[in-house]
Amino acid sequence: MQNYIIPSPPVVCIPTIDDRHFPVRRVYCIGRNYPAHASEMGHDPNREEPFFFQKNPDNLSPDGLFPYPAHSKEVHHEVELLVALQKGGSNIAPEDAMDCVWGYAVCLDMTLRDLQSQLKHSSRPWEVSKAFEKSAPVGLLVNRREVGDCHEGDIKLEVNGTVRQSGNLSQMIWKIPEIISHLSRFYDIIGGDVILTGTPSGVDSVSVGDSIRGSITGLSDLKVKIV
């Protein structure tokens with residue numbers, strides 16, 4: 001047994017639809033992976049070299065509550081497909097990448113848009129606008145065997161019953177195998193890593209008291225209350 005100086009932090013896990021738990025090591029996020037969202041953010045919607053940022057594993061929050069951060073006045077919702085990996089490697093070929101996938105979940109990439117804009121304007125890293133506490137509400141994981149490869153399917157987000165985001169997974173600029181392959185060029189990815197695959201257009205602000213519902217064809221809906 002290891003002789004730890006302090007108690008070891010708890011393992012971060014995502015619950016699965018069959019009452020198990022998926023342990024998480026890292027959270028990778030691809031930016032601007034839907035053309036319409038790239039356009040609404042003022043960027044070129046055409047296929048360019050992908051870029052990534054990271055959230056912290058304990059940003060993943062399965063309890064259905066999102067505490068509105070006191071240091072922001074413009075928090076945006078971004079609904080995304082989360083891909084959970086059962087194995088990994090380095091320099092993985094795209095044709096082998098889907099073998100790494102264990103399953104999928106609906107996830108939110110909550111973003112402090114006002115803070116992110118300020119940091120971008122000053123050419124500073126904008127990690128604090130993405131990787132803040134409970135910034136990634138997440139639904140139940142569904143095994144790939146149950147739902148298939150998730151290369152297409154409706155992805156939608158409602159706020160208080162009104163649809164704000166609507167798209168299809170097939171609209172991703174970089175597809176799931178390409179994302180995994182590209183990541184593996186720079187990181188030794190392993191089982192327990194998860195990937196947020198981008199959001200369709202329609203991102204907008206939320207307020208305390210709002211109810212969010214995220215859905216993707218074949219997956220368990222994600223319901224979140226802004227508190």
Side-chain angles (χ1 to χ4, degrees), residues 9-16 21-34 37-38 41 50-72 74-86 88 100-120 124-141 150 155 157 165 172 174 176 179-180 182-184 186-200 203 205-206 212 214 216 219 222-224 226-227:
V11 176
V12 174
C13 293
I14 303 173
T16 69
H21 294 85
F22 184 92
V24 177
R25 184 186 75 138
R26 293 179 182 169
V27 182
Y28 299 103
C29 310
I30 186 170
R32 300 197 296 264
N33 200 32
Y34 285 74
H37 175 58
M41 299 303 294
F51 73 93
F52 297 88
F53 59 93
Q54 289 183 252
K55 286 181 179 278
N56 302 308
D58 61 359
N59 294 157
L60 293 165
S61 176
D63 66 5
L65 298 174
F66 175 76
Y68 197 102
H71 48 281
S72 177
E74 188 183 12
V75 180
H76 279 196
H77 55 71
E78 299 188 11
V79 63
E80 310 206 5
L81 173 71
L82 180 147
V83 179
L85 304 184
Q86 62 185 349
C100 298
V101 176
W102 186 89
Y104 307 94
V106 182
C107 192
L108 299 181
D109 170 20
M110 303 300 286
T111 302
L112 309 183
R113 193 70 72 198
D114 50 355
L115 183 56
Q116 183 189 41
S117 297
Q118 294 168 18
L119 293 169
K120 283 182 176 180
R124 294 181 177 180
W126 36 267
E127 179 183 16
V128 293
S129 69
K130 287 285 192 179
F132 57 95
E133 302 303 325
K134 303 194 76 169
S135 60
V138 63
L140 298 175
L141 270 174
C150 282
I155 177 170
L157 181 137
Q165 292 187 261
M172 288 185 195
W174 291 89
I176 295 170
I179 295 172
I180 294 171
H182 193 86
L183 272 173
S184 73
F186 300 95
Y187 300 97
D188 294 328
I189 59 177
I190 67 171
D193 290 344
V194 303
I195 304 169
L196 274 63
T197 56
T199 194
V203 301
S205 298
V206 296
I212 294 177
I216 296 175
L219 303 184
L222 170 61
K223 300 177 182 178
V224 176
I226 310 297
V227 296

Would you please test V106 and V138 for side chain to side chain contact (heavy atoms under 4.5 Å, CB included) and show each step?
CA-CA 6 Å; V106 182; V138 63; over 6 Å; no

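- Note that CG of L82 is 10.0 Å distant from CG of L219, once rounded to the nearest 0.5 Å.
- With sequence neighbours excluded, the residues satisfying salt bridge (charged side-chain N to carboxylate O under 4.0 Å, His left out) with D109 are K55, K130.
- The closest side-chain heavy-atom distance from L140 to F22 is not below 4.5 Å.
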Go through it in stages, so that I can follow the logic: the residues are N59 and S135, the test is side chain to side chain contact (heavy atoms under 4.5 Å, CB included), and I'd like the CA-CA distance, side-chain angles, deciding distance and then a yes or no.
CA-CA 5 Å; N59 294 157; S135 60; 3.5 Å; yes

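- Partner of T199 under the side-chain hydrogen bond (donor to acceptor under 3.5 Å, both in side chains) criterion, out of Q165, H77, E78, E80: Q165 alone.
- Inter-residue side-chain proximity for Y28 and F53 is flagged as unmet; no heavy-atom pair is nearer than 4.5 Å.
- For the residue pair I176 and C150, the shortest heavy atom distance occurs at CD1-O, 3.7 Å.
- One distance of note links CD1 of I14 with CG of L141; it measures 4.5 Å at 0.5 Å rounding.
- When all heavy atoms of A131 and Q54 are compared, the closest pair comes out as CB-O, 3.9 Å.
- Checking each of V224, L222, V203, V79 against L157 for a side chain to side chain contact (heavy atoms under 4.5 Å, CB included) leaves exactly one that passes, namely V79.
- Atom CG of D58 is separated from atom SG of C13 by 12.0 Å, given to the nearest 0.5 angstrom.
- Contact check for P137 versus M110: side-chain heavy atoms found under the 4.5 Å cut-off.
- If you take NZ on K134 and CG on L108, they are separated by 12.5 Å, rounding to the nearest 0.5 Å.
- With rounding to the nearest 0.5 Å, the separation of CH2 in W174 from CD1 in I180 is 14.0 Å.
- Counting only heavy atoms from C-beta outward, the side chains of M172 and T197 approach each other to under 4.5 Å.
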Under the criterion side chain to side chain contact (heavy atoms under 4.5 Å, CB included), I'd like the reasoning laid out for L183 against F52: C-alpha separation, chi angles, the key distance, then a yes or no.
CA-CA 8 Å; L183 272 173; F52 297 88; 3.8 Å; yes

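- Considering every non-hydrogen atom in both P23 and V11, the closest pair reads CB-CG1, 3.8 Å.
- Classified by interplanar angle (parallel below 30°, tilted 30° to 60°, perpendicular above 60°), the ring pair W126/F51 is perpendicular.
- At a threshold of 4.0 Å, the pair D193-R26 does not count as salt-bridged, since none of the basic side-chain nitrogens sits closer than that to a carboxylate oxygen.
- Within 6.0 Å of the CD atom in E74, the count of heavy atoms belonging to other residues, nucleotides or ligands exceeds 12.
- When side chains are defined from C-beta on, V27 does not count as touching I195, because their heavy atoms never get closer than 4.5 Å.
- When only modelled atom types and interatomic distance are considered, Y34 and R32 share no side-chain donor-acceptor pair under 3.5 Å.
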Please lay out, stage by stage, how V75 and Y68 fare under the test side chain to side chain contact (heavy atoms under 4.5 Å, CB included).
CA-CA 8 Å; V75 180; Y68 197 102; 3.4 Å; yes

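- Ring geometry, H182 versus F186: the interplanar angle falls from 30° to 60°, so the pair is classed tilted.
- The environment of NZ in K223 is sparse: at most 12 heavy-atom neighbours from other residues, nucleotides or ligands sit within 6.0 Å.
- Classified by interplanar angle (parallel below 30°, tilted 30° to 60°, perpendicular above 60°), the ring pair F132/H71 is perpendicular.
- Rounding to the nearest 0.5 Å gives a distance of 4.5 Å between SG of C107 and CG of L196.
- The two atoms that bring V24 and P57 nearest to each other are CG1-CB, 4.1 Å, heavy atoms only.
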